[in-house]
Colleague: 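Okay, here's the structure, questions in a sec.
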Amino acid sequence: MAILKILEYPDPRLRTKAEPVPVVDDELRQLAADMLETMYAAPGIGLAATQVNVHRRMLVADVSEKQDTPHVFINPVIVERLGTEAMEEGCLSVPGFYETVTRAEWVRIRALGLDGEPFEKELDGLLAVCVQHEIDHLDGKLFVDYLSDLKRQRLRKRIDKERRQKEPDSAVRAL
């Protein structure tokens, strides 16, 4: 297994719409294992393939406290939504930033498993929110898109400032 590089906002590759997975094979199962390892190391509770610059419709999630209940959804589709729930969200592609987002509190998901077989699953609470967040990634949408223009501008300024502070002084050169 390997820890993959997570793309960070505002990287334009995060806006790429993921393509359906045509076949579930060993290469895809390895990607799922690597994504889980990356998610746990980050640490996070969900990760879409788009976030690791693989533009296939697959996501992983694990909202358990002990990180012992991994879920893999290939070609996930939300087939039913009920209720609304406002929950504070963060994102591995927007590190250190959290904001309240309103999503469905219950969803029914149709997807393929790692065995290539289709399944449906009813999700609620944190797992439902997490999977909706990750499906947004697969559609090229980020949770910051739910924010007001003002909040998004402030976030962008903060990120730009933090990046400038991390950059080495261009006048300093390695010998």
Side-chain angles (χ1 to χ4, degrees), residues 1-9 11-83 85 87-95 97-98 101-146:
M1 293 199 305
I3 294 180
L4 307 170
K5 180 178 177 5
I6 298 172
L7 301 177
E8 291 188 7
Y9 176 79
D11 191 311
R13 295 172 291 180
L14 289 167
R15 299 299 185 173
T16 304
K17 187 168 179 163
E19 297 292 326
V21 171
V23 62
V24 177
D25 57 15
D26 287 341
E27 185 177 326
L28 191 74
R29 284 185 274 278
Q30 183 60 55
L31 175 61
D34 291 345
M35 287 174 59
L36 284 164
E37 184 176 3
T38 301
M39 178 189 74
Y40 290 135
I45 61 169
L47 186 66
T50 301
Q51 291 176 274
V52 295
N53 202 29
V54 176
H55 303 287
R56 295 281 179 232
R57 294 192 71 79
M58 181 171 70
L59 67 89
V60 298
D62 187 345
V63 298
S64 66
E65 286 187 30
K66 294 181 180 180
Q67 298 182 327
D68 60 358
T69 313
H71 300 274
V72 178
F73 298 90
I74 301 164
N75 296 335
V77 176
I78 298 172
V79 295
E80 189 176 358
R81 301 171 196 258
L82 293 174
E85 182 172 17
M87 190 177 288
E88 187 176 72
E89 292 186 23
C91 181
L92 295 176
S93 291
V94 190
F97 185 78
Y98 301 89
V101 177
T102 301
R103 298 188 185 272
E105 66 181 342
W106 178 94
V107 292
R108 176 177 287 125
I109 302 293
R110 182 178 301 134
L112 298 176
L114 288 172
D115 58 3
E117 294 299 316
F119 68 90
E120 282 195 12
K121 193 170 228 169
E122 296 178 4
L123 310 174
D124 61 7
L126 183 57
L127 185 56
V129 168
C130 179
V131 168
Q132 290 172 82
H133 175 113
E134 302 309 330
I135 288 175
D136 275 353
H137 276 297
L138 299 177
D139 293 332
K141 187 172 184 178
L142 300 172
F143 93 106
V144 298
D145 297 340
Y146 290 92

Colleague: Sequence neighbours excluded, which residues qualify as side-chain contact (heavy atoms from CB on, under 4.5 Å) partners of I3?
Modeller: E37, T38, A41
Colleague: Please check if atom CD in E27 has more than 12 non-hydrogen atoms from other residues, nucleotides or ligands closer than 6.0 Å.
Modeller: no
Colleague: Apply ring pair (Phe, Tyr, Trp, His ring centres under 6.0 Å) to H137 and list each qualifying residue two or more places apart in sequence or on a separate chain.
Modeller: H133
Colleague: Answer whether the closest heavy-atom distance between the side chains of W106 and E85 falls below 4.5 Å.
Modeller: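 No. Closest side-chain heavy atoms not under 4.5 Å.
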Colleague: What are the two closest non-hydrogen atoms of V23 and L28, and how far apart are they?
Modeller: O-CD2, 4.3 Å
Colleague: Only counting residues at least two apart or in another chain, list the ones meeting salt bridge (charged side-chain N to carboxylate O under 4.0 Å, His left out) with R103.
Modeller: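 For R103, the residues satisfying salt bridge (charged side-chain N to carboxylate O under 4.0 Å, His left out) (neighbours in sequence not counted) are E89, D136.
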Colleague: Once you round to the nearest 0.5 Å, how far does CD of E134 lie from CE of M58?
Modeller: 12.0 Å
Colleague: What are the two closest non-hydrogen atoms of G44 and L92, and how far apart are they?
Modeller: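 That would be CA-CD2, 4.0 Å.
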Colleague: With sequence neighbours left out, write down each residue that passes salt bridge (charged side-chain N to carboxylate O under 4.0 Å, His left out) with D26, or none if nothing qualifies.
Modeller: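 Partners of D26 by the salt bridge (charged side-chain N to carboxylate O under 4.0 Å, His left out) criterion, ordered by chain and then number, come out as R29.
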Colleague: Measuring from atom CD of Q51 to atom CG of L7, what distance do you get when rounded to the nearest 0.5 angstrom?
Modeller: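 Between atom CD of Q51 and atom CG of L7 there are 8.0 Å.
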Colleague: Restricting to side-chain hydrogen bond (donor to acceptor under 3.5 Å, both in side chains), what partner residues turn up for T102, sequence neighbours left out?
Modeller: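 None.
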Colleague: Between L123 and F73, is there a side-chain heavy-atom distance shorter than 4.5 Å?
Modeller: yes
Colleague: Going through the distances and angles, do V131 and V107 end up as a side chain to side chain contact (heavy atoms under 4.5 Å, CB included)?
Modeller: CA-CA 9 Å; V131 168; V107 292; 5.5 Å; no
Colleague: To check you understand the geometry: which heavy-atom pair defines the closest contact between P76 and L138, and what is its length?
Modeller: CG-CD1, 3.8 Å
Colleague: Measure across L127 and A61 and return the closest heavy-atom pair with its distance rounded to 0.1 Å.
Modeller: CD1-CB, 4.0 Å
Colleague: Can you tell me how far CZ of F143 sits from CD of Q132, rounded to the nearest 0.5 angstrom?
Modeller: 14.5 Å
Colleague: Considering only heavy atoms from C-beta outward, does the side chain of D115 approach that of V24 to under 4.5 Å?
Modeller: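 When only atoms from C-beta onward are counted, V24 and D115 do not touch, as no gap falls below 4.5 Å.
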Colleague: For the pair V21 and L112, evaluate side chain to side chain contact (heavy atoms under 4.5 Å, CB included) and give the outcome as yes or no after the intermediate values.
Modeller: CA-CA 9 Å; V21 171; L112 298 176; 5.8 Å; no
Colleague: For G113 versus F119, what's the shortest heavy-atom pair and its separation?
Modeller: N-CE2, 3.5 Å
Colleague: If you measure from CG on L47 to OG on S93, what distance do you get to the nearest 0.5 Å?
Modeller: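 The CG atom of L47 sits 7.5 Å away from the OG atom of S93.
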Colleague: For D34, give me all partners under side-chain contact (heavy atoms from CB on, under 4.5 Å), at least two apart in sequence or on another chain.
Modeller: M1, A2, L4, Q30
Colleague: For a quick test of reading the model, state the closest non-hydrogen atom pair linking G90 to Y98 and the distance between them.
Modeller: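 Where G90 meets Y98 most closely, the heavy atoms are CA-CD2, 3.5 Å.
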Colleague: E120: which residues meet the salt bridge (charged side-chain N to carboxylate O under 4.0 Å, His left out) condition with it, sequence neighbours left out?
Modeller: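 With sequence neighbours excluded, E120 shows a salt bridge (charged side-chain N to carboxylate O under 4.0 Å, His left out) to R108, R110, given in chain and number order.
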Colleague: List the residues meeting side-chain contact (heavy atoms from CB on, under 4.5 Å) with P95, not counting sequence neighbours, and say none if there are none.
Modeller: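 P95 satisfies side-chain contact (heavy atoms from CB on, under 4.5 Å) with E8 once adjacent residues are dropped.
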Colleague: For residues 14-23, pull every pair meeting side chain to side chain donor-acceptor pair (under 3.5 Å), keeping only residues two or more places apart or in separate chains.
Modeller: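 Listed by first then second residue: R15-D145.
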Colleague: The criterion is salt bridge (charged side-chain N to carboxylate O under 4.0 Å, His left out); which residues satisfy it with D25, sequence neighbours excluded?
Modeller: none
Colleague: Taking salt bridge (Lys or Arg N to Asp or Glu O under 4.0 Å) as the cut-off, I'd like each qualifying pair that reaches into residues 45-62, sequence neighbours left out, listed once.
Modeller: R57-D139
Colleague: In chain order, what residues pass the side-chain contact (heavy atoms from CB on, under 4.5 Å) check against L126, with sequence neighbours excluded?
Modeller: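 Expected list: I45, V63, M87.
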Colleague: In Å, rounded to the nearest 0.5 Å, how long is the span from CD1 of I78 to CD1 of I135?
Modeller: 4.0 Å
